[in-house]
Amino acid sequence: MLRVEGLGKRLGDFEMEGVTFEVAEGEYFVLLGASGTGKTVLLETLTGMMAADSGKIFLGGREITRERIQRRGLGLVFQNQALFPHMTVGKNVAYGLYGRGLGRDRIRERVRELAEEMEIGALLGRMPGTLSGGEAQRVALARALATGPSCLLLDEPLSSLDTGARSRMRALLRKLNRKRMTVIHVTHDYEEAISLGTRMGIMEGGRVVQVDSPERIFMYPRSEFVARFTGIRNFFRGRIRREGAAGGAGTSGAAGEVVEAIFESGPMVFHVTTDLASGPGTAVIRSEDVTISALPPQSSARNVFEGTIIDICRSRPGTEIVIDAGRELAALVTPDSVERLGLAVGARVYASMKATAIQVLEE
Amino acid sequence: MSPGRTGTAHLVFMAFGGLLLLFIIAPLAGIFINLAPGDLLRTAREDEVSASIWLTLAASMGATVVFAVLAIPFAWILARREFRFKQLVNGIVDLPIVIPHSAAGIALIGVLSPDSPVGAAAERIGIRFAGGVAGIMAAMAFVSVPFLVNAARDGFAAVPVQLEKAALNLGASPLRVFLTISVPAARRSILSGLVLMWARGMSEFGAVIVIAYHPMITPVLLYERFGAFGLRYARPVTALFIAICLLFFFALRVLAGRRRDAQG
């Protein structure tokens, strides 16, 4: 669908170079990177707001590197929404529909459809200055979708939203993606990346340094930067079970209230605390929160897994022990602990972590 | 600075401000205070006076409208584009503010007189600058257009560039983006610049008197009456002209304010 080959752009001291990746139709591609790594420059180069110095961009097999901005077929939603402040919400949404040979009735009908889809029907007569962050973001999304882009580019779409609006927006974005809308979403927030992305690219210093599934990026970061930036080595997709289960596991409670629950990921069952309702989710555990012991631990940790060490590697923050406990689980220990516990590849050990150390993200 | 000293300093600043306001208001108030009852009405009925006031208002308005077509897009370029010698161009825009206006009139007549190529070409299509309304408009525009260019340029510069980028991304042409996004978003500054240019044009004397003594605009009429008959005869016309200028000025400001409110 969208192919980027060796894209480069120099802006003063900053240089984006050799950016290469491909996004398939219907994919939700997240570009994750710290501030100043060139994510916005990349988006603006893709949309034609900035001319690329080198490289090529293809959309549906057609090269669009030098195509006029108006004809690229890429819809962009800005981080700050960039709603036209002197127009009503309705006029903002309709803006891109004028000059396309559509009659007034057709434009009105299209605006109504989009308003319904983006849940902004009641806002059409309002001025942008009176909208909340979440409302403004949904209006910006409707406006970008109005022209029927082949691919939607989102620049930090959730960063200015509060928790409630963020969750609603995430649901809306997933709904769009389920309808086969191809999305490229740039963010600095790994939670967003995990929760939404079907594939991810990592940006560092103006380059895309790794492209893979979120699971593989978090499990096998290709550079120290990725490892440090994401900070997460344990990543499990599965299901949250919140309703009271046999044996007292899982406490019932209303969604939004933090309770103890069960998180199942294949053969591994975790005790977690979460405010999310039952359903699909992703559990992430920082490797420094996983404790390794040679004997079954006598501690308050609710989660204990027995497994075999399959890898030991030294890194700057410590020594990483990877054990196979049905799924791979990484723990960060000191070199002293490795020696004291006699940790070696093939040894049987116990990995434990508190329920509160497991972060559950909604999917 | 202690609170007591801050208070004293503020009092001094306010006293300075009071003196400054008095300096502006006292001469204007003096004009109205020294009027005899019925002077204003009698003066307004004079054909020469009313014709001169209408000519002044219309010529300045015409100059503002005509030059706005050139100045507003140019101001956008100055706000948005980087190019070589941009500072020089900005300096050229400000030149009319710093040169004496009678000198500006003399420079203009050199270019626009019937003996010059431009003046001769204009005469052939029926436009007369020297001693004509077109000349008055040119002189008014020459000295007042920097106010519009500067205000509009600052207004455009304050519009987030992302609004324009978003409109382009939605498929709008650069002209449509300019007309539907940039201009409305910078409307406060543009309106302010238009009012300033119009007001400054109306008050122009030095450049106009060189290029066109007749037909007589009000500042020239005031000068003539003052020179020929003295203060007593010049005062009623002066009062009437000031009153009309203030009326239009406030009306435009109120109108601009209402539009702002309506547009949120």
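What you are looking at is a predicted structure, and each value in this text was computed from that prediction instead of being measured. Letters A, B, ... mirror the listed sequences (proteins, then strands); counts begin at 1.
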Does a salt bridge link Asp105(A) with Arg110(A), judged by any charged N lying under 4.0 Å from a carboxylate O? no

Do His185(A) and Tyr28(A) have ring centroids that are under 6.0 Å from one another? yes

Region of Ala144(A) that comes under 4.5 Å of a non-hydrogen atom in chain B: backbone

Trp198(B) and Leu57(B): side chain to side chain contact (heavy atoms under 4.5 Å, CB included), yes or no, with the steps? CA-CA 8 Å; Trp198(B) 179 64; Leu57(B) 293 173; 3.7 Å; yes

Candidates Lys175(A), Arg112(A), Arg138(A), Lys179(A) - the one meeting side chain to side chain donor-acceptor pair (under 3.5 Å) with Glu117(A): Lys179(A)

Can you pull the ring pair (Phe, Tyr, Trp, His ring centres under 6.0 Å) pairs that have at least one residue in residues 101-124 of chain A, sequence neighbours excluded? none

Using heavy-atom distances under 4.5 Å, tell me whether Glu44(A) contacts chain B through its side chain, its backbone, both, or neither. side chain

List the atom of Ala165(A), the atom of Gly134(A), and the distance in Å for their closest heavy-atom pair. CB-CA, 4.0 Å

Residues 1-20 of chain A: residues contacting chain B (heavy atom under 4.5 Å, by number): none

Considering only heavy atoms, give the residues of residues 154-170 of chain B separated from chain A by less than 4.5 Å, sorted numerically, with 'none' for an empty result. Gln162(B), Leu163(B), Lys165(B), Ala166(B), Ala167(B), Leu168(B), Asn169(B), Leu170(B)

Any luck finding a side-chain donor-acceptor pair between Thr130(A) and Arg126(A) under 3.5 Å? yes

Counting only heavy atoms closer than 4.5 Å, note whether Leu83(A) contacts chain B via side chain, backbone, both or neither. backbone

Could you give the distance from CD1 (Ile72(B)) to CD1 (Ile77(B)), rounded to the nearest 0.5 Å? 13.5 Å

I need the minimum non-hydrogen distance between Val149(B) and Ala71(B), along with the two atoms involved. CG2-CB, 3.7 Å

Quick one: does NZ or CZ of Arg143(A) land under 6.0 Å from the six-membered ring centre of Phe84(A), within 45 degrees of the ring axis? yes

Does either side chain, that of Arg153(B) or that of Asn150(B), offer a donor lying less than 3.5 Å from an acceptor on the other one? yes

Considering heavy atoms only, which positions within residues 71-80 of chain A lie below 4.5 Å of chain B? Leu74(A), Gly75(A), Leu76(A), Phe78(A), Asn80(A)

Give me the atom names and distance for the closest heavy-atom approach of Asn92(A) to Pro128(A). ND2-CG, 3.7 Å

Please say whether the positively charged group of Arg176(B), taken as NZ for Lys or CZ for Arg, lies over the ring of Tyr95(A), i.e. under 6.0 angstrom from the six-membered ring centre and within 45 degrees of the axis. yes

Verify the neighbour count for atom CZ of Arg104(A): are there more than 12 heavy atoms of other residues, nucleotides or ligands below 6.0 Å? no

